[in-house]
Amino acid sequence: MNNYSPLRTFVFMCAMIQIVKPAIFSFRECLWFLDRGYDDCLFRISDGTVTKLIQLGTEPVLFRIREAGDHLQVEILKGKLSEEQVPQLRDYIIEWFDMHQDLGPFYTLLQKDKMLQYMPKDFEGLRLISIADLFEALCWSIIGQQINLTFAYKLKRRLVEAYGTAIEHDGHVYHLFPSPHILASLSVEDLRPMQYSQSKAKYLIGIAQAFASNQLNKEMLLALPDFHSKQQALTAHKGIGIWTANYALMKTLRLAEAIPYGDVGLLKALETHNIIKERTESEKINRFFKKYKGWETYLVFYLWRSLAAPAFHKK
DNA sequence: AACCAGGCTGCGC
DNA sequence: GCGCAGCATGGT
């Protein structure tokens, strides 16, 4: 074997991965956002670490990330990684916390803005947390349509606990988001008892069927040439409007132009920062976002961050 | 107890 | 193409 690498073998056997932190990156800020008072069932935050279950091969893998000096340290708690899966998990984490971006230019823009110039200091190092799985992102945004987030997280938890693969570790249960195949086989009546509305249940099952029959997937979207065609590929499905499509394009493909227009959280934040007075001032909103070309969804994410309860706001 | 919530569809113009 | 009613259900 001429490609034998002692270091790589060592890393593999210890089931430990290290990722160097980029500049302007705060693991603490990212975890704070993930844990900002809601009850997300797809990871667990504790003592400055986050623990999550994912599926890379046939077996689920449970991993935990902690901060250690200038890098993140990833520990495998359950399951085995093949040698090819080590870099896959690395890439997954880098994508999850959007570690490739250089936030410098974004902060320069924010500093020019009287109302937002506090953000680079107060939210320093916060990254746009992504949802790598397009199916999960779409389901989550459909679940979140027109209901408050507390309730939305409850609905998600019921779905995940009923249909997602679960493993237990150290007294805690960890879940995978249910596969399209499983959700595609459900009927509306299966979801009604979980307080899903008739239409929401229908939309979710319809999207699951589109994924299960391979009419829709992330690769397909990536292959489309421009933003508009990606958006249309999504809004072609029942239950996906502009808001839902853009939310998914923001969280999964991390596209800057995927502004979730009409989002009540966004509108509220624009009001509290005196950027608009009425929620109907769409021209004003467009003009505002023009100043942030290339960083629109990052700005949306930071505006969402600004909505979090002041009690959580770090000094 | 009214009003709101990280909207969408279908209809009438 | 645009505006708007109707929807469905828990939170505050």
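Keep in mind that what you see is a predicted model, and the values were worked out from it rather than measured. Protein chains get the first letters and strands the later ones, always in sequence-line order, with residue 1 at the start of each.
Side-chain proximity of A:S197 to B:dA5, C:dA8, B:dG6: nearest is C:dA8. Comparing B:dG6, C:dA8, B:dC8 against the side chain of A:Q145 picks out B:dC8 as the nearest. Closest to the side chain of A:T150, from the set B:dC8, B:dG6, C:dT12, is C:dT12. Of the listed nucleotides (B:dA5, B:dG10, B:dG6), B:dG6 has the atom at the smallest distance from the side chain of A:L149. Looking at the side chain of A:D263, the nearest of the listed nucleotides B:dC8, C:dG10, B:dG6 is B:dG6.
The distance between atom CD1 of A:I240 and atom P of B:dT9, rounded to the nearest whole Å, is 9 Å. Atom pair A:Y196:OH and C:dC7:C1' shows a separation of 18 Å (rounding to whole Å applied). Spacing between atom CH2 of A:W304 and atom P of B:dG6 amounts to 10 Å, rounded to whole angstrom units. Taking atom NZ of residue A:K268 and atom P of nucleotide B:dC4, one finds them 11 Å apart after rounding to whole Å. Remark: P of B:dC8 and CG of A:N246 are 9 Å apart, rounded to the nearest angstrom. For A:L270 and B:dG6, the CG to P distance is 15 Å, given to the nearest whole Å. Following rounding to the nearest Å, A:K200 (NZ) and C:dG6 (P) show an atom-to-atom distance of 20 Å. Rounding to whole angstrom units, CD1 of residue A:I143 and C1' of B:dG7 are separated by 14 Å.
Not a single donor-acceptor pair, N or O on each side, falls under 3.5 Å between the base of C:dA8 and the side chain of A:Q198. If you check distances only, the side chain of A:R36 does reach the base of B:dG6 with a donor-acceptor pair under 3.5 Å.
For the 3.5 Å distance criterion, the side chains of A:Q195 and A:R158 qualify, holding a donor opposite an acceptor.
Remark: the backbone N or O of A:R44 is not paired with any side-chain donor or acceptor of A:Y174 at under 3.5 angstrom. With hydrogens and angles ignored, the 3.5 Å screen pairs no side-chain donor or acceptor of A:E75 with any backbone N or O of A:R66.
With DNA chain B read from its 5' end, the first of the two nearest nucleotides for A:M250 and A:Y203 is the one closest to A:M250. The 5' end of DNA chain B is approached more closely, in terms of each residue's nearest nucleotide, by A:I147 than by the other of A:T235 and A:I147.
Looking at heavy-atom distances under 4.0 Å, A:S199 makes no contact with the nucleic acid at all.
Taking the six-membered ring for Trp and the full ring otherwise, the centers of A:F135 and A:H181 sit at least 6.0 Å from each other. In this structure, A:Y298 has its ring center no closer than 6.0 Å to that of A:Y292.
Contact annotation: A:K238 side-chain N/O to B:dG10 OP1/OP2 distance is under 4.0 Å.
Taking atom P on both C:dA5 and B:dG6, the two are 22 Å apart, rounded to the nearest angstrom.
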